[in-house]
*Asks:* 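I'd like to ask you about the structure that follows.
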Amino acid sequence: MEREGLEWIGGFLRMLVSWGASCAMIFGGVVPYIPQYRDIRRTQNAEGFSIYVCLMLLIANILRILFWFGHHFESPLLWQSIIMIVTMLLMLKLCTEVRVANELNPKRRSFTASDSKDEELKTHPKRCFLDFDTAFFWHWTRFIDFIQCVLAFTGVTGYITYLLLDSPLFVEILGFLAVFTEALLGVPQLYRNHQNYSTEGMSIKMVLMWTSGDTFKSAYFVLNQAPFQFSICGLLQVFVDIAILLQVYLYSAYPQKPVSHATSAKAL
């Protein structure tokens with residue numbers, strides 16, 4: 001009787017640990033962005049955060065969800081992707097609002113042409129093409145333009161996946177692209193810090209949480225025998241996180257000459 005009781009307790013504890021690990025995997029990915037979101041909202045300044053991080057994560061998680069249709073993996077990873085997409089859209093919304101509010105003479109930059117009859121369009125020429133100018137891409141002035149871009153990307157990639165879902169090679173390539181893009185999510189922030197010779201405006205808490213979360217995630221992939229693409233790219237993420245932490249140390253210990261505001265505004 002005592003032995004059965006111990007076995008039951010052991011089984012319950014294992015289930016509890018497994019449930020806790022799943023919850024950590026689902027929600028742990030969005031936690032690092034909470035301090036960055038609060039900092040931007042408090043200071044009303046989004047210059048230190050690269051919105052290309054949002055772009056990388058949106059692409060990665062959309063591709064990961066599509067990969068799931070061809071190669072089912074752990075459900076917590078699927079839910080993590082859904083929650084991450086929502087989180088990145090919220091970050092984009094805040095950054096867009098703050099950036100437009102801080103511009104002295106905001107000019108309309110759109111992803112698509114619009115038939116709106118607001119005052120701004122009356123004073124600016126209408127566009128009849130997608131605004132893919134590298135100077136303006138992902139720097140639009142309305143949140144709805146980001147939504148349109150995400151929906152367009154999802155529609156195109158979803159249709160291609162539907163056509164090629166029976167191809168094992170395509171499915172594996174899709175999975176690799178998903179996790180490889182996510183593995184490089186820190187690169188835009190790394191580059192922005194390098195351009196500014198500073199990590200001012202970037203939440204160090206966010207990067208520390210990136211590092212701890214990516215370490216945990218990599219271990220989770222290995223222990224749960226996730227597709228090999230997940231494990232390899234998880235380790236790559238850890239290396240990028242460490243590189244950003246090295247920037248924090250170097251730019252604090254050896255401060256460089258700050259760049260002008262005009263240069264900072266063009267940084268990634």
Side-chain angles (χ1 to χ4, degrees), residues 21-22 25-30 33 50-89 91-92 111-112 129-134 137-138 140 145-191 210 213-241 268:
S22 297
M25 180 57 63
I26 293 172
F27 298 103
V30 304
Y33 299 97
S50 173
I51 58 174
Y52 282 93
V53 170
C54 300
L55 174 63
M56 301 283 280
L57 277 174
L58 285 168
I59 292 174
N61 285 282
I62 289 169
L63 292 179
R64 186 197 284 185
I65 291 173
L66 295 175
F67 176 56
W68 181 85
F69 288 99
H71 186 159
H72 286 195
F73 47 79
E74 292 276 322
S75 295
L77 297 178
L78 179 63
W79 281 107
Q80 181 199 52
S81 292
I82 296 172
I83 292 174
M84 183 62 75
I85 289 173
V86 174
T87 302
M88 289 302 101
L89 291 176
M91 286 292 295
L92 274 175
F111 172 67
T112 59
F129 53 88
L130 297 183
D131 187 2
F132 279 121
D133 189 325
T134 55
F137 178 73
W138 210 246
W140 303 304
D145 292 299
F146 292 95
I147 295 293
Q148 290 172 349
C149 181
V150 170
L151 290 177
F153 175 79
T154 304
V156 171
T157 53
Y159 182 67
I160 294 173
T161 301
Y162 173 76
L163 294 177
L164 301 176
L165 196 59
D166 293 332
S167 170
L169 177 62
F170 171 79
V171 171
E172 292 304 319
I173 291 175
L174 185 65
F176 175 77
L177 289 176
V179 291
F180 184 70
T181 304
E182 183 177 0
L184 298 178
L185 77 91
V187 172
Q189 190 65 55
L190 189 75
Y191 181 66
W210 272 359
D214 292 337
T215 302
F216 169 79
K217 184 167 59 178
S218 299
Y220 181 91
F221 290 156
V222 173
L223 294 176
N224 286 274
Q225 299 180 339
F228 76 95
Q229 300 101 321
F230 285 67
S231 302
I232 294 174
C233 293
L235 294 174
L236 179 58
Q237 274 186 280
V238 175
F239 290 135
V240 175
D241 297 340
L268 284 178

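We use all heavy atoms of the structure for the numbers below, so side chains are in, but hydrogens, waters and symmetry mates are not.
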*Asks:* Quick one: pull up CZ in F239 and CG in L235 and give me the separation to the nearest 0.5 Å.
*Replies:*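 F239 atom CZ to L235 atom CG measures 6.0 Å (nearest 0.5 Å).
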
*Asks:* If you compare all heavy atoms of P188 against all heavy atoms of Y52, which two are closest, and at what distance to 0.1 Å?
*Replies:*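 In terms of heavy atoms, the two residues are closest at CB-CB, 3.6 Å.
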
*Asks:* Quick check: W138 with F146 (ring centres under 6.0 Å apart)?
*Replies:*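 Aromatic pair counts; centres sit under 6.0 Å.
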
*Asks:* Assess the residue pair Q237 and W210 against the criterion (side chain to side chain contact (heavy atoms under 4.5 Å, CB included)); give the C-alpha distance rounded to whole Å, side-chain angles, the decisive distance to 0.1 Å, and a yes or no.
*Replies:* CA-CA 9 Å; Q237 274 186 280; W210 272 359; over 6 Å; no

*Asks:* So Q148 and L151, side chain to side chain contact (heavy atoms under 4.5 Å, CB included) or not? Walk me through it.
*Replies:* CA-CA 5 Å; Q148 290 172 349; L151 290 177; 5.8 Å; no

*Asks:* Rounded to the nearest 0.5 Å, what separation is found between the CG atom of L92 and the CG atom of L57?
*Replies:*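 It comes to 10.0 Å.
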
*Asks:* Checking side chain to side chain contact (heavy atoms under 4.5 Å, CB included) for the pair T87/F27: CA distance, chi angles, key distance, verdict?
*Replies:* CA-CA 10 Å; T87 302; F27 298 103; over 6 Å; no

*Asks:* Going through the distances and angles, do S81 and W68 end up as a side chain to side chain contact (heavy atoms under 4.5 Å, CB included)?
*Replies:* CA-CA 11 Å; S81 292; W68 181 85; over 6 Å; no

*Asks:* Test of understanding: with side chain to side chain donor-acceptor pair (under 3.5 Å), list the residues that count as partners of Q189, not counting sequence neighbours.
*Replies:*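 If we apply the side chain to side chain donor-acceptor pair (under 3.5 Å) test to Q189, skipping adjacent residues, the hits are N193.
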
*Asks:* Measure the spacing between CD1 of I59 and CG of L185 and express it to the nearest 0.5 Å.
*Replies:*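 The CD1 atom of I59 sits 11.5 Å away from the CG atom of L185.
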
*Asks:* Could you give the distance from CG (L174) to OG1 (T157), rounded to the nearest 0.5 Å?
*Replies:*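 Nearest 0.5 Å value for the CG-OG1 distance: 8.0 Å.
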
*Asks:* Quick one: ring pair (Phe, Tyr, Trp, His ring centres under 6.0 Å) partners of F176, sequence neighbours excluded?
*Replies:*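 With sequence neighbours excluded, F176 shows a ring pair (Phe, Tyr, Trp, His ring centres under 6.0 Å) to F180, given in chain and number order.
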
*Asks:* Kindly compute the distance separating CG (N61) from CZ (R64), expressed to the nearest 0.5 Å.
*Replies:*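 Answer for the CG-CZ pair, N61 versus R64, is 5.5 Å.
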
